[in-house]
Amino acid sequence: MSGFDADWLAQRERFDLAARSRPLANAFAEALMRRRAAHTSPLRLADLGGGTAANFRALAPRLGGDQHWVLLDFDQQLLDQVPVRIAGWACAQGWDAVESAGGCQVQAGPARWRIETQQIDLAASLEALDARRFDGIVTTAFLDLVSNHWLARFARWLVDANRPLLATLTVDGRRSWHPEAIDDELIDRAFRTHQGGDKGFGQSVGPGAGAALADCLRALACPVALADSDWQIGGDADSAMLDRMADEAVAVALEVDRLAGDRLARWRQTRTAQIASGQARLIIGHVDLLATPGQPSSLDSLRETLAPSAR
Ligand SMILES: C[S@@+](CC[C@H](N)C(=O)[O-])C[C@H]1O[C@@H](n2cnc3c(N)ncnc32)[C@H](O)[C@@H]1O
């Protein structure tokens, strides 16, 4: 078990979906097509830290054609939920799905998508995975868990295999509540302190992971593009998510500063009132990263599309 709750992954999926960078997803699809121009077999994708397959649900319809996904995760309990969650999703889209032990097959119009799951500890066993088995690598909401050392290994693994990567929804440390309230800074500081802990990969890079991976890849002469993919949470329909974020903020701040209880209780009361009246909004900064090893000019046209927010 990794400690990630399937209901939490389901709650965040809608916000992830809205936040993802479309230009980067399109450029990833183009990079895959360039690599595969001569192939007719299904597109093969590996999803690192795949959880309950949110990345598959976001990307499969966008990439189109026949696909074969391998979802790699440490947490067997999350992987066990993949077939039923994909089947429910496919059914809601009007597609057919057949569940099997450890996987699922979706018939989406003319396209057939096969999904299999594989338990693996990516901290220990990244290099045991042969990236060349896949046309491309994806990962979402995963990189902020890892260490600087693991990012360097990951960059080397990717560049040696010459495979494109789309890494979405990595938190980047920006987090702003609106309207402002007393002790927002206390909450923000605690959050940043908390993010640096060990999540099974050694001291985690936390909010610097997107930029740190970009540096590792560029050091290996790999083209990289970054784009903001921020969660925008606000309005009546989002009150459950805002409450969850406010509760989490208080719990994290209390872990960091046990003496701040009264101030945090006041902060929570203010947010409770603002959430109830539909006033509260929260932006949580994330970044998407596209890497295209071995395709030197593949990102040139993207730079203009992404300006000015691209880094
Ligand atoms: C924030 S969740 C994201 C899950 C999924 N990508 C999504 O967006 O819904 C992080 C995922 O990383 C997985 N994970 C954490 N440590 C891991 C490890 N050492 N090896 C493989 N997966 C790991 C967790 O089990 C979890 O599914």
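Excluded from the calculations below are hydrogen atoms, water molecules and symmetry mates; all remaining heavy atoms, backbone and side chain alike, are included. Owing to the predicted nature of the structure, the values given are computational and were not obtained by experimental measurement. First listed ligand is number 1; within each ligand, the first listed atom is number 1.
When only interatomic distances are considered, the shortest N/O to N/O separation between F74 and ligand 1 falls below 3.5 Å. Of the polar atoms of A141, none of the N or O atoms is found under 3.5 Å from an N or O of ligand 1, judged by distance alone. In terms of polar-atom proximity, defined here as any N/O pair under 3.5 Å, R12 makes no such contact with ligand 1. Between D121 and ligand 1, a contact under 3.5 Å exists for at least one N or O pair. The distance criterion of under 3.5 Å between nitrogen or oxygen atoms is met by G49 with respect to ligand 1.
Look at G200 and you'll find every heavy atom at least 4.0 Å from all atoms of ligand 1. Heavy atoms of N55 stay at 4.0 angstrom or farther from ligand 1.
Ring planes of H286 and W231: tilted class, angle from 30 to 60°. F142 and W150 have perpendicular rings, their planes meeting at more than 60° on a 0 to 90° scale where under 30° would count as parallel.
Within ligand 1, counting atoms from 1 as listed, the ones closer than 4.0 Å to a heavy atom of D75 are 25 (O). Every atom of ligand 1 with a heavy atom of I120 under 4.0 Å away is listed here by number and element: 20 (N), 21 (C). Short contacts between ligand 1 and A123, defined as distances under 4.0 Å to a heavy atom of the residue, involve ligand atoms 19 (N). Short contacts between ligand 1 and F142, defined as distances under 4.0 Å to a heavy atom of the residue, involve ligand atoms 12 (O), 14 (N), 23 (C).
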Requested in this report: Kindly indicate, with the supporting measurements, whether the criterion ring-ring contact (aromatic ring centres under 6.0 Å, His included) is fulfilled by F134 and W69.
Outcome: CA-CA 9 Å; F134 306 100; W69 284 66; over 10 Å; no
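Taking all heavy atoms of T140, D5, L143 into account, the minimum distance to atom 8 (O) of ligand 1 is reached by T140. Looking at F201, F4, F56, it is F4 that brings a heavy atom closest to atom 2 (S) of ligand 1.
A salt bridge links D7 to R85: one of the charged nitrogens lies within less than 4.0 Å of a carboxylate oxygen.
Within the 4.0 Å heavy-atom criterion, both parts of D73, backbone and side chain, lie near ligand 1. Here T139 has no heavy atoms under 4.0 Å from ligand 1, in either its backbone or its side chain.
Among residue pairs with one or both ends in residues 90-111, those qualifying as side-chain hydrogen bond (donor to acceptor under 3.5 Å, both in side chains) are Q107-R112; sequence neighbours excluded. Listed by first and then second residue, the salt bridge (charged side-chain N to carboxylate O under 4.0 Å, His left out) pairs involving residues 122-133 are E127-R153 (not counting sequence neighbours).
Relative to the ring axis of F191, R175 places its NZ or CZ within 45° and under 6.0 Å from the centre.
Between the side chains of R189 and T193, no donor N or O sits under 3.5 Å from an acceptor N or O. Judged by distance alone, the side chains of Q11 and R244 do bring a donor and an acceptor atom under 3.5 Å apart.
L48 and I120 fall within the same hydrophobic cluster, where Ile, Leu, Val, Met, Phe, Trp and Tyr residues are linked whenever their side-chain heavy atoms come under 4.5 Å apart, directly or through other members.
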